J.: 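Mind having a look at this structure? Questions to follow.
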Amino acid sequence: MGAAKTAISPTRVEDYPEWYQQVIKGADLAENSAVRGCMVIKPWGYAIWENMQRVLDQMFKDTGHQNAYFPLFIPMSFLEKEAQHVEGFAKECAVVTHHRLEPDGKGGLRPAGLLEEPLIVRPTSETIIGATYAKWVQSYRDLPILINQWANVVRWEMRTRLFLRTTEFLWQEGHTVHATSEEAMEETRKMLDVYADFVENYMAVPVIKGEKTAGERFPGADMTLSIEAMMQDRKALQAGTSHFLGQNFSKAQEIKFQDKNGEIAYAWTTSWGVSTRLVGALIMTHSDDDGLVLPPRLAPSQIVLIPIYRDEAQHAEVLEYCKALKQELAAQMYSEQKIRVDIDDRDVRSADKKWYHIKRGVPVRIEIGPKDIAKNAAFVGRRDTNQSQSMPRDELVGGIVAMLTEIQNNLFSRALAMQKANTVELKSEAEFREFFQPDDEQGQSTGGGFAKCWFASEAEVQGLLDELKVTIRCIPLDAPSGEGVCFLTGKPTATQAIFAKSY
RNA sequence: CGGGGUGUAGCGCAGCCUGGCUAGCGCAUCUGGUUUGGGACCAGAGGGUCGUAGGUUCGAAUCCUAUCACCCCGACCA
């Protein structure tokens, strides 16, 4: 066979960033809006996010958290209270300075009603939530506070990309308060585990759990944990973070309480979040040159039935058969829910329908025509392997749960194999430079991969990292604890980290 | 904010340098027909203040001036 025609152009190898855009377009997930840097999330993309939300929300509740909602606006003075935090976010804040519009005399409008104190559109809510918690906490009996909110936030980024980095994005942010450092630390770790569990078992994206170095920490945190995933261009994507905030915010905002001994103590806080960026991670981990590939557990539609017919009489017969088959499939449980089955009965050529659903990543496609009905069979296509075959109807109905499970597992193991194949241990500057060298003259596909390296000091390696556009992703929680030798300076060190190019 | 670029039909573009008939092409859309187990073919149709404002000219998508918007590279980043 010659070069096969792909549904997405360019291919991943030809131009990865452009391929990513085209997958989103082909799957009809989202599009750019009239507002710079902000996206419109379309129904198919939003349905994926809703599935993510549903699963995560249950996980949060199962670990003792409740949902609440805090304001979109934060008084500017709140942000000023935690020095590191201000510094981290000041450069990317949307600021509301007026509360009214009036005619400008030239047929247009102009802002009026200057606010006494500017309001910041939340880039994250530590400050407004902390200020609220300060009022709620009096006694050790009020602790812990375990709250999550689903919200939108705004960060005025210079360059945006659909799902990966947009000016406004959707996320959840958990904010908790604890009486002791140990308890807050345990919460921080627990929520990282929840994220890792979700991303690996639902999104089928393998991750590395680790701790951020001081230079990569969340502004105002004592410790930041993250999960890092490898995309198909071998770049790293931070998929979730969990922060141990120590007493920094409680001191800045007076979150204090009387402990069992009657002493006044500052509380210990945490925060943790994942965003619509996860949709980007999903796309870049599994999709291929024919478009989106969705893991069954998160696919809005897990199975699509495509009727094939020539005339109205056949149409009626085939549709009848599809409806009955749908009922049998949809009655079964997969991943604690009824299987999501749709019949695509649109007045569109069947070949077009097939490609439509391939590009949208539907895990299982079932094509039904008169010939299949005669054999009491169905023509079944799997999106993960792109293989299709005729199956007896009984076998299909009886084996559908196993098939969905197999697809889910296959996606994960494929991604894990990819990650492992591109993770290496490097011991010298020469090896390091070689590893992160661009693959071609245009500098395309420059991912390199994950490099495990011993290093002695963040400051000492910074120059090299800037030069190669590499960052320290994390110090893996399971990193070796012994003594090593810094790959750059040769100094002895106890720290091994993962270095990678990143999004 | 620095350096480059682009604005022409829903989308993608040509035309501009060297001004000239009714502003074109591909995809998409609609109609009719032929097709129909695989991303169809033929014929036809609809759809444009050529980013905006001003200027030069008998005549401007094309030349000049101003302005707006967007894109790419850099600093920032879930």
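These numbers come from a predicted model, not from an experiment. Just so it is clear: chains get the letters A, B, ... in the order the sequence lines come, proteins before strands, and each one is counted from 1.
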J.: Expressed as a whole number of Å, how far does the P atom of B:U62 sit from that of B:C41?
T.: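 It comes out at 37 Å once rounded to the nearest Å.
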
J.: Starting at the 5' end of RNA chain B and moving along, which residue's nearest nucleotide shows up first, A:Trp171 or A:Lys469?
T.: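 Counting from the 5' end, the first nearest nucleotide belongs to A:Lys469.
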
J.: Report, as a single string ordered 5' to 3', how protein heavy atoms within less than 4.0 Å touch nucleotides 33-40 of chain B: B base, S sugar-phosphate only, - not at all.
T.: --BSBBBB

J.: Can you tell whether the side chains of A:Arg12 and A:Asp233 come within less than 4.0 Å, N to carboxylate O?
T.: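 Judged by the 4.0 Å cut-off on N to carboxylate O distance, A:Arg12 and A:Asp233 do not form a salt bridge.
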
J.: Using the C1' atom in both, what is the distance from B:G2 to B:G20, to the nearest Å?
T.: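 42 Å, rounded to whole Å.
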
J.: Below 4.0 angstrom, which residues in residues 188-212 of chain A have at least one non-hydrogen atom near RNA chain B?
T.: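 Output list: empty, so none.
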
J.: Is A:Glu157 touching bases, backbone alone, or none of the nucleic acid, heavy atoms closer than 4.0 Å?
T.: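 Touches a base.
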
J.: If we ignore angles and hydrogens, is there a donor and acceptor under 3.5 Å between the side chains of A:His286 and A:Asp384?
T.: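 No pair is found: no donor N or O on one side chain lies under 3.5 Å from an acceptor on the other.
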
J.: Given the C1' atoms of B:C21 and B:C58, what is the spacing between them in whole Å?
T.: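 Those two atoms are separated by 15 Å.
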
J.: Using distance alone, with no hydrogens and no angle criterion, decide if A:Gln238 and A:Ser226 have a side-chain donor and acceptor under 3.5 Å apart.
T.: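 Not at all, the side chains of A:Gln238 and A:Ser226 share no donor-acceptor pair under 3.5 Å.
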
J.: Could you list the donor-acceptor pairs under 3.5 angstrom formed by side chains in residues 214-223 of chain A, with sequence neighbours left out?
T.:
from     : atom 1 : to       : atom 2 : distance (Å)
A:Arg217 : NE     : A:Asp222 : O      : 3.2
A:Asp222 : OD1    : A:Asn248 : ND2    : 2.9

J.: On a whole-Å scale, what distance lies between the P atoms belonging to B:A9 and B:U49?
T.: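 Straight-line distance between the two P atoms is 8 Å.
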
J.: What string of B, S and - do you get for nucleotides 4-14 of chain B, 5' to 3', when a contact is any protein heavy atom under 4.0 Å?
T.: -------S---

J.: Starting the side chain at C-beta, find the nucleotide from B:C76, B:C71, B:G74 nearest to A:Glu92.
T.: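 Of B:C76, B:C71, B:G74, B:C76 is nearest to the side chain of A:Glu92.
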
J.: Using a heavy-atom cut-off of under 4.0 Å over every strand shown, decide if A:Thr166 touches base, sugar-phosphate, or nothing.
T.: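 Result for A:Thr166 = base.
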
J.: Under the rule for salt bridge (Lys or Arg N to Asp or Glu O under 4.0 Å), what residues qualify as partners of A:Lys209, not counting sequence neighbours?
T.: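 Only A:Asp193 meet the salt bridge (Lys or Arg N to Asp or Glu O under 4.0 Å) criterion with A:Lys209.
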
J.: Can you list everything that forms a side-chain hydrogen bond (donor to acceptor under 3.5 Å, both in side chains) with A:Asp347? Sequence neighbours excluded, please.
T.: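 side-chain hydrogen bond (donor to acceptor under 3.5 Å, both in side chains) list for A:Asp347, sorted by chain: empty.
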
J.: What is the ring orientation for A:Trp272 with A:Tyr195, classed by angle as parallel under 30°, tilted 30 to 60°, or perpendicular over 60°?
T.: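 Because their plane-to-plane angle is over 60°, the rings of A:Trp272 and A:Tyr195 count as perpendicular.
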
J.: Quick one about A:Thr224 and A:His243 (side-chain donor to acceptor, distance below 3.5 Å, no hydrogens or angles considered), yes or no?
T.: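 Judged by distance alone, the side chains do pair up.
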
J.: Quick check with a 6.0 Å cut-off and a 45 degree axis cone: is A:Arg346 positioned over the face of A:Tyr356's six-membered ring?
T.: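 Yes, cation above the ring, under 6.0 Å and within 45°.
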
J.: Which whole number of Å gives the distance between the C1' atom of B:U34 and that of B:G15?
T.: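 These two C1' atoms come out 36 Å apart once rounded.
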
J.: Residues two or more places apart in sequence or in another chain: which of them pass side-chain contact (heavy atoms from CB on, under 4.5 Å) with A:Glu467?
T.: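 Once residues adjacent in sequence are excluded, the partners of A:Glu467 under the side-chain contact (heavy atoms from CB on, under 4.5 Å) criterion are A:Arg433, A:Leu464.
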
J.: Any salt bridge (charged side-chain N to carboxylate O under 4.0 Å, His left out) involving residues 388-397 of chain A? Give me the pairs, sequence neighbours left out, ordered by first then second residue.
T.: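 Salt bridge (charged side-chain N to carboxylate O under 4.0 Å, His left out) check on residues 388-397 of chain A returns A:Glu328-A:Arg393.
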
J.: Can you name the side-chain hydrogen bond (donor to acceptor under 3.5 Å, both in side chains) partners of A:Asp372, sequence neighbours left out?
T.: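 Applying side-chain hydrogen bond (donor to acceptor under 3.5 Å, both in side chains) to A:Asp372 gives none.
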
J.: Could you check whether A:Leu278 gets within reach of a base, just the sugar-phosphate, or nothing at all, counting any heavy atom under 4.0 Å?
T.: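 Since no nucleic acid heavy atom lies under 4.0 Å of A:Leu278, the category is nothing.
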
J.: Not counting sequence neighbours, which residues clear side-chain contact (heavy atoms from CB on, under 4.5 Å) with A:Arg349? List them please.
T.: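 A:Arg349: side-chain contact (heavy atoms from CB on, under 4.5 Å) contacts with A:Asp352.
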
J.: Let me check I have this right: for RNA chain B, each base becomes ., (, ), [, ] or |, based on Watson-Crick or G-U pairs with both distances under 3.5 Å. What is the full string?
T.: (((((((..((((......[...)))).((((((.....)))))).....(((((..]....))))))))))))....

J.: On a whole-Å scale, what distance lies between the P atoms belonging to B:U6 and B:C64?
T.: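 Result for the P pair: 14 Å, nearest Å.
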
J.: Applying salt bridge (Lys or Arg N to Asp or Glu O under 4.0 Å), name anything that partners A:Lys25, two or more places apart in sequence or on another chain.
T.: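 For A:Lys25, no residue satisfies salt bridge (Lys or Arg N to Asp or Glu O under 4.0 Å) once neighbours in sequence are set aside.
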
